[in-house]
Number of protein chains: 2
Amino acid sequence: MDMTKSSGSITLVDVAREAGVSLKTASRVLNREVSVSGDTLERVQSAMARLGYRPNELARGLKAKKSATIGMVVKNLADPFAANVVKAVQDVARANGYIVILANSGWDPEVERSEVESLIRHQVEGLIISPLGGSKSTFLDIIPPGFHVVTLDQPIRKAAFDSVMINNRQSASDAVQHLLGHGYDRVVALSTRPWLHTSMERIAGYRDAMRERGFESLVASVDHESFITKEWLGGVLKEHKANALISMNWVCTIAALRGLKQNGKRPLRDIAFISFDDFELADTIQPTVSAVRQPTEEFGYEAAQLLFQRLRGTSQQRRRTIALPTTFIPRESCGCRL
Amino acid sequence: MDMTKSSGSITLVDVAREAGVSLKTASRVLNREVSVSGDTLERVQSAMARLGYRPNELARGLKAKKSATIGMVVKNLADPFAANVVKAVQDVARANGYIVILANSGWDPEVERSEVESLIRHQVEGLIISPLGGSKSTFLDIIPPGFHVVTLDQPIRKAAFDSVMINNRQSASDAVQHLLGHGYDRVVALSTRPWLHTSMERIAGYRDAMRERGFESLVASVDHESFITKEWLGGVLKEHKANALISMNWVCTIAALRGLKQNGKRPLRDIAFISFDDFELADTIQPTVSAVRQPTEEFGYEAAQLLFQRLRGTSQQRRRTIALPTTFIPRESCGCRL
DNA sequence: ATGAAAGCGCTAACAA
DNA sequence: TTGTTAGCGCTTTCAT
C-alpha cells in the first residue's frame, strides 16, 4: 500500500498508518466487523482518537451504496402538524443512525418535483412525502423502480407506496354527528383545497353524517385559505343560515376563528364550532374549542417505521396503509357544558 | 477508456458511451462548462435525457469536496418560530442549489453534540445552529477549524461564528415601558431556561425599564416550562401582587395563558399581559394579545445569507452579528383600547 | 485475523 | 475543443 499522500483532513489511511495496520483492518474497526483481534482493535481505536478521525459518510455511501440518509418533503412547515411529524420522523431516523434531508414544497407542484429529484440525486435511501395530491403531484415518474416511498395523508393510486393516514371519513362523520347530537341542524363544512384526499374524505364523512339524519349538506370550499375573507365567510354563514361550523384543517380553523370574530360572531354563543385538528390554546381560549385531534407523534413515527422496515428488507408485502385513529376532544365550542 | 462496466444505475460513463464522447466531456456538459461545442453539447444532453441520467451528488461531492449540503440544528421544531426559520433557511438553500439536513436537539446537549458530529461526517459545508447555550452546549470542540457556522439567538464567545439575533434587551425594555405607560407598576416577568442568551437579555431589558421608573423587578423564572403549573403561577402572581405580566417566549406564553385561565384570571380584566413572540390567534382570542413580533422569515433568511456568503468566500470579516428589529403589536391585553 | 488490489461515480489536473 | 490519467475516502472481493 502507498499511504504516502497527505490531504487536508484525516482519512482512514492516516489512521491505518498511525496504527501500523492495513487500510482494510482500519475499515473493519470502523464498521465493527468481528474479525479483528483485541489488540489491533485497540491500537486502531486509539489511533482514531489520537488523530481525531472523522469518517466521511459521503465516501462510505459511494462505495457501499448506502447514504444513511432519508428524504422528507412536506407541504408547509409552518403548519404545526407538519412540523411535529417531521420532528417525530427525525427522532426515529436518529435512532436508526440516519439523517433527514428536509424539503418544503410550499404547495408548488414544480417545487415538489424538483425537490424529490434533488433528494434522489443526493442518494437518499428512502422518502417520506406529504404529496400535493392527485393531478397536482408530478413526481411519480422520477421515482426509480424499487425506490422506497412512504406517503402521508394521501394514497397514490398509480404506485404501490406505503402510506400513513388517519381515518378521515369516520372522524369527520363522528364529529358532525356530535354536533347534530347537540341539536344543530344547519352545519356548514368549511374546507380548502378540495382535491386533497384529506379534504375529500372529510367532506365525505360530513355528508355521511348529514345524510343519515336527512339534513342538507352545506359545504363551503375554496381552493386556497386566503379566499376565506371576512365577507366570504359572512356570506356563506348567512346564505346557509348556519348554526354550526366545522373547519376541516388547521389553516381553515385559524381563518374561521378570525373570520367569525371579524363578522362579530362568537363561537358557541352565535355558532357552534368544531375544529378538525387540535391546536395549542384550543383548551384556553374563550370558549374552548372542541377538536378532532390527530395523533401527531404516531403519525411521523409510523411513517418512519414503515420506511425503515422497507430499508431493512423486513417487510415484503405489496403495500401497507396505516390508518391511525383520531380522538374527539369535546370542549365548549360544540355545545358541551363542561 | 474502458467503459465496459455495467452497474445498476446509469452513470456518466453510460452517458458518455451513448453520446460517443469521453467521460470528461460528459462531465463538462453536466457542469455547464463553456468549452463544449454546440454539437457535442446537444449529443450529450440528448443521451442524458434518453438514458434518464441522474447525477450522483455523493460521488460529485466526494471528489469536488462540495456536498451542496448545509446542516441545521434547532432546539424544538414544535416551536412555530423555529419551524418558520427552518422554512426560510430551506428556501434560501434551495435557491442556492443546496439541500438542508435538519436535526432537532430537543434541548439535550448530548443530542446537540452528536447531531453536529453526524452533520460534519456527512460533509455539510456549513451549519446553522440554534445552540442550547453557554455551558450546556458542548459541540464547540468538534467543529473543524475554518468550518462555517452561523448561530441563532445565541452568540458564542469562544468562537468567531457569525450570528443572527434580535435586539432582545431593547425589545423587552420597550414592551415593559409600554405596560408602565398604561399605569401598571407591578409587572411580573415570566421566563424559562434563564441561562439562555435570549432569556438573560430580555430579563435585563425588563429590569432596565423597571429600574428607570424606580419600580421593583419581579422576575419569575424556572428551568423548564413544565414547572409553570397552575399553583406556581397563582402563587407568583399573588406574592408579587402583580397587575401585569410579560412572558418572555412562546412556550411561556402558552403556559401563562393556560395558567391564568386555570387560576380564574383573565388577561386585561384581571391582569395586563404582553407576549414576547407573536402567535397565530393572538389577534383573534378574547382579549387580543399584545405581542413583540420577531421577524421570523428575515431571521432564517439572514442566517442563510450569512452562511452562503461565507461559503462563496464573499465575506472575509472576522465575525458578523446581525441584530434584527422587532415590532411591538399593541392589542387589547396590554390595556390599549382599540 | 489480516492485507493487496480494484473500483463506487465523479472531477481535476494535464495533455493533445 | 476534447481526451487521458489520477485520484476523492471508503468498502469490497479475493487472497493469504
Side-chain angles (χ1 to χ4, degrees), chain A residues 1-44 47-48 51-68 120-123 125 144, chain B residues 1-44 47-48 51-68 120-123 125 144:
Chain A
M1 49 187 154
D2 185 2
M3 295 194 176
T4 323
K5 85 259 305 196
S6 71
S7 98
S9 53
I10 288 105
T11 74
L12 243 203
V13 174
D14 300 320
V15 172
R17 193 195 309 107
E18 174 82 8
V21 299
S22 79
L23 170 59
K24 176 58 195 168
T25 300
S27 170
R28 285 196 178 94
V29 173
L30 181 58
N31 291 286
R32 291 178 181 70
E33 291 176 32
V34 281
S35 54
V36 178
S37 76
D39 180 49
T40 30
L41 177 70
E42 191 174 332
R43 288 225 315 288
V44 173
M48 285 179 168
L51 265 41
Y53 169 69
R54 296 284 218 346
N56 181 333
E57 293 292 340
L58 255 50
R60 216 150 68 119
L62 178 58
K63 182 62 183 172
K65 295 187 185 296
K66 288 205 158 229
S67 59
I120 292 175
R121 290 181 175 206
H122 280 273
Q123 311 300 117
E125 293 179 35
Chain B
M1 50 188 150
D2 185 3
M3 296 194 176
T4 324
K5 83 261 304 198
S6 71
S7 97
S9 53
I10 289 105
T11 73
L12 243 203
V13 173
D14 299 320
V15 172
R17 193 195 311 105
E18 174 82 9
V21 298
S22 80
L23 170 60
K24 177 58 193 169
T25 300
S27 170
R28 285 197 178 94
V29 173
L30 181 59
N31 291 287
R32 291 179 180 71
E33 290 177 33
V34 282
S35 55
V36 179
S37 76
D39 180 49
T40 34
L41 177 72
E42 191 173 332
R43 288 226 313 290
V44 173
M48 284 177 169
L51 266 40
Y53 169 69
R54 296 281 216 351
N56 182 333
E57 293 292 340
L58 254 50
R60 220 164 20 154
L62 179 58
K63 183 60 185 174
K65 293 184 186 294
K66 287 201 158 234
S67 60
I120 292 175
R121 289 182 176 204
H122 281 272
Q123 311 300 119
E125 294 179 35

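In the text below, chain A, chain B and the rest are named by the order of the sequence lines, each starting its count at 1.
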To the nearest 0.5 Å, what is the distance between [atom1] ([X]) and [atom2] ([Y])?
| X | Y | atom1 | atom2 | value |
| --- | --- | --- | --- | --- |
| L41(A) | R32(A) | CG | CZ | 10.0 Å |
| E33(B) | K24(B) | CD | NZ | 4.5 Å |
| K63(B) | L58(A) | NZ | CG | 14.0 Å |
| K66(A) | E125(A) | NZ | CD | 5.0 Å |

What is the distance from [atom1] of [X] to [atom2] of [N], rounded to the nearest Å?
| X | N | atom1 | atom2 | result |
| --- | --- | --- | --- | --- |
| H122(B) | dG9(D) | NE2 | C1' | 15 Å |
| R32(B) | dT1(D) | CZ | C1' | 19 Å |
| D14(B) | dC8(C) | CG | C1' | 13 Å |
| L62(B) | dC10(D) | CG | C1' | 8 Å |
| L51(A) | dG9(D) | CG | C1' | 15 Å |
| E57(A) | dT11(D) | CD | C1' | 13 Å |
| K66(A) | dG9(C) | NZ | C1' | 19 Å |
| L41(B) | dT2(D) | CG | P | 9 Å |

Compare all side-chain heavy atoms of [X] with those of [Y] and state whether any distance is below 4.5 angstrom.
| X | Y | value |
| --- | --- | --- |
| R28(A) | S35(A) | yes |
| N56(B) | L62(A) | yes |
| L30(A) | M48(A) | yes |

*Identify the heavy atoms of Y53(A) and I10(A) that sit nearest to each other, and give their distance.*
CD1-O, 3.6 Å
Below 4.0 Å: OP1/OP2 of [N] and any side-chain N or O of [X]:
| X | N | result |
| --- | --- | --- |
| T11(B) | dG9(C) | no |
| T40(A) | dA1(C) | no |
| K65(A) | dT12(D) | no |

*Under 3.5 Å, is there a donor-acceptor pair between the side chain of R121(B) and the main chain of E57(A)?*
no
*What string of B, S and - do you get for nucleotides 11-16 of chain C 5' to 3' if you count protein non-hydrogen atoms under 4.0 Å?*
BBB---
*Using the C1' atoms of the five pairs at each end, what is the angle between the end axes of the helix from dA1(C)-dT16(D) to dA16(C)-dT1(D), to 10°?*
30°
_Heavy atoms only, 4.0 Å cut-off, all strands: where does T25(B) land among base, sugar-phosphate and nothing?_
sugar-phosphate
*Give one of base, sugar-phosphate or nothing for S35(A), where a contact means two heavy atoms less than 4.0 Å apart.*
base
*Minimum-distance nucleotide to N56(B) side chain [options: dC10(D), dA1(C), dG9(C)]*: dG9(C)
